[in-house]
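Let me begin by presenting the structure, written as structure tokens, before commenting on it.
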Amino acid sequence: MNSYLALILSAVGAFAITALLGYVIIPWLHKLKFGQTILDIGPKWHKKKQGTPTMGGLMFIIGIFCSAAVVLVCYSMTVSRAGLDSSEKTKLWAGLIMALMFGAVGFADDYIKVVKKRNLGLSIIQKTIFQLIICAAYLTSLYLAMDKDPYMFIPFVGNVSLGIWFWILGVCVLYGAINAVNFTDGIDGLCSSVTATVAITFIIAAVIMKFAGLGILAGALLGGVLGFLCWNWNPAKTFMGDTGSLFLGGLVVALGYAIKCPLLLLPIGIVYVCETMSDIIQIGYFKITHGKRIFKMAPIHHHFEMCGWKEKKICVVFSLVNAVGCAIALSLMYFGQK
């Protein structure tokens, strides 16, 4: 099995499993009455989405994990020459497991919300503690798999030794990125479509780096989110919930570490960054000015909603903006090699 075939099989498998699971999981969620509760502070027209099944992220979690795991195992068994070294395998499998663990935290949060019929699940402190424990476990697995001091590739500079910053920067990147992806999940199809551009970027990076395992995992991510879009595009038949968004955040970060440059997640996920920063700026400005706002509503996708943009238009425009950031990141990676 060559690397390109493995990538295609991973993407097609994840798409097929995810899309087909919609016929099973969505009716199951309806039967359990796992419907989304819409906040009163949100846009008024979102009230019509009340009761739409949440935790639909289970569809692509199963699709991505099953497809990526099977193809990774088959590829490792059939490639006799270079294959995947132990460090690469650790990054991929530890990344998958980390994403699953974040998905489990999201599942607990969603479950509490739907059972208690309110939009408050785990407390911020509880979420933070669980997320930091997972971050520490993932970074520890990477550290133990290294045969030399921790380092990070920086375009036009080269490999830079991190020392203690491996842990400090790692926790900041992991915690920040995972919750940034979560912020992006606010309207039908937005998080899925933006993440699709991220997945395509990592597929291209895999080709540039000749890292088959990265391509397999990124291909599964692309197939999974596209399969989910079949059910999540406006008007959505299901929402991914924190179950799905936290899983996606974990997987995106894992791919960032797989290319040895998590800092490139800033341009690769420029929409994630803007969503998070808009919320931080809004809250800070509100407190400083005692009630004034910069945006009509935050995160910023709600601002554009309040300006009259349709959800489909926001998804398309935001995805195109993110594609520009992805192109910048790929340019930095390709031309920044020393």
Side-chain angles (χ1 to χ4, degrees), residues 1-16 60 63-65 67-96 99 142 151-159 177 192-227 248 251-272 319-320 322-338:
M1 180 188 296
N2 64 47
S3 59
Y4 295 108
L5 177 59
L7 192 162
I8 293 171
L9 289 176
S10 182
V12 172
F15 176 85
F60 60 71
I64 291 171
F65 182 82
S67 183
V70 170
V71 176
L72 279 172
V73 170
C74 292
Y75 180 80
S76 297
M77 292 173 62
T78 57
V79 177
S80 58
R81 200 152 46 96
L84 301 173
D85 63 35
S86 59
S87 177
E88 291 175 339
K89 288 180 180 178
T90 298
K91 287 178 180 178
L92 298 174
W93 287 106
L96 262 177
L142 295 185
Y151 70 91
M152 179 174 62
F153 168 74
I154 297 179
F156 301 105
V157 176
N159 294 332
S192 300
S193 55
V194 169
T195 303
T197 66
V198 173
I200 292 171
T201 302
F202 282 114
I203 289 173
I204 297 172
V207 174
I208 294 174
M209 298 173 65
K210 297 180 180 179
F211 184 179
L214 172 64
I216 291 170
L217 196 55
L221 175 60
L222 177 61
V225 294
L226 291 180
L248 290 182
L251 201 54
V252 167
V253 174
L255 292 171
Y257 269 91
I259 63 172
K260 304 174 184 178
C261 187
L263 285 182
L264 281 180
L265 289 173
L266 290 173
I268 290 174
I270 188 62
V271 166
Y272 302 148
S319 296
L320 290 174
N322 205 71
V324 173
C326 290
I328 293 172
L330 286 171
S331 299
L332 289 172
M333 188 180 72
Y334 183 78
F335 294 106
Q337 299 286 341
K338 287 183 71 69

Check A6 against Y75 and note the closest heavy-atom contact, atom names and distance. CB-CD1, 3.9 Å
Output yes when a side-chain donor or acceptor of T90 lies under 3.5 Å from a complementary backbone atom of L142, and no otherwise. no
Value rounded to 0.5 Å, distance of CG in L7 from CG in L214: 9.0 Å
Quick one: pull up CG in L217 and CG in L222 and give me the separation to the nearest 0.5 Å. 12.0 Å
Which heavy atom in L265 sits nearest to a heavy atom in G256, and how many Å separate them? CD2-CA, 4.1 Å
To the nearest 0.5 Å, tell me how far I270 CD1 sits from C326 SG. 10.0 Å
So, using side-chain hydrogen bond (donor to acceptor under 3.5 Å, both in side chains) as the criterion, who are the partners of T195 when residues are at least two apart? Y272
List the atom of P155, the atom of C261, and the distance in Å for their closest heavy-atom pair. CD-SG, 4.1 Å
In chain order, what residues pass the side chain to side chain contact (heavy atoms under 4.5 Å, CB included) check against A329, with sequence neighbours excluded? L264, P267, I268
Minimal heavy-atom distance between G213 and L92, with the atoms involved, is CA-CD1, 3.5 Å
Where F335 and F156 come nearest, the two heavy atoms and their spacing: O-CE2, 3.3 Å
Residues in side-chain hydrogen bond (donor to acceptor under 3.5 Å, both in side chains) with S3, at least two apart? none
Is there a side-chain contact between T197 and L320, using heavy atoms and a 4.5 Å cut-off? no
Please list, chain by chain and in numerical order, all residues satisfying side chain to side chain contact (heavy atoms under 4.5 Å, CB included) with A254, sequence neighbours excluded. M98, Y138
Between atom CG of L221 and atom CZ of F60, what is the distance when rounded to the nearest 0.5 Å? 9.0 Å
Run the ring pair (Phe, Tyr, Trp, His ring centres under 6.0 Å) test against F65 and tell me which residues pass, sequence neighbours left out. none
Minimum-distance pair of heavy atoms, taken over all atoms of F202 and I259: CE2-CD1, 3.8 Å
Output for pair (I200 CD1, N322 CG), nearest 0.5 Å, gives 10.5 Å
Distance, nearest 0.5 Å, that separates CE of M209 from CE of M333: 6.5 Å
For residues 200-216, pull every pair meeting side-chain hydrogen bond (donor to acceptor under 3.5 Å, both in side chains), keeping only residues two or more places apart or in separate chains. none
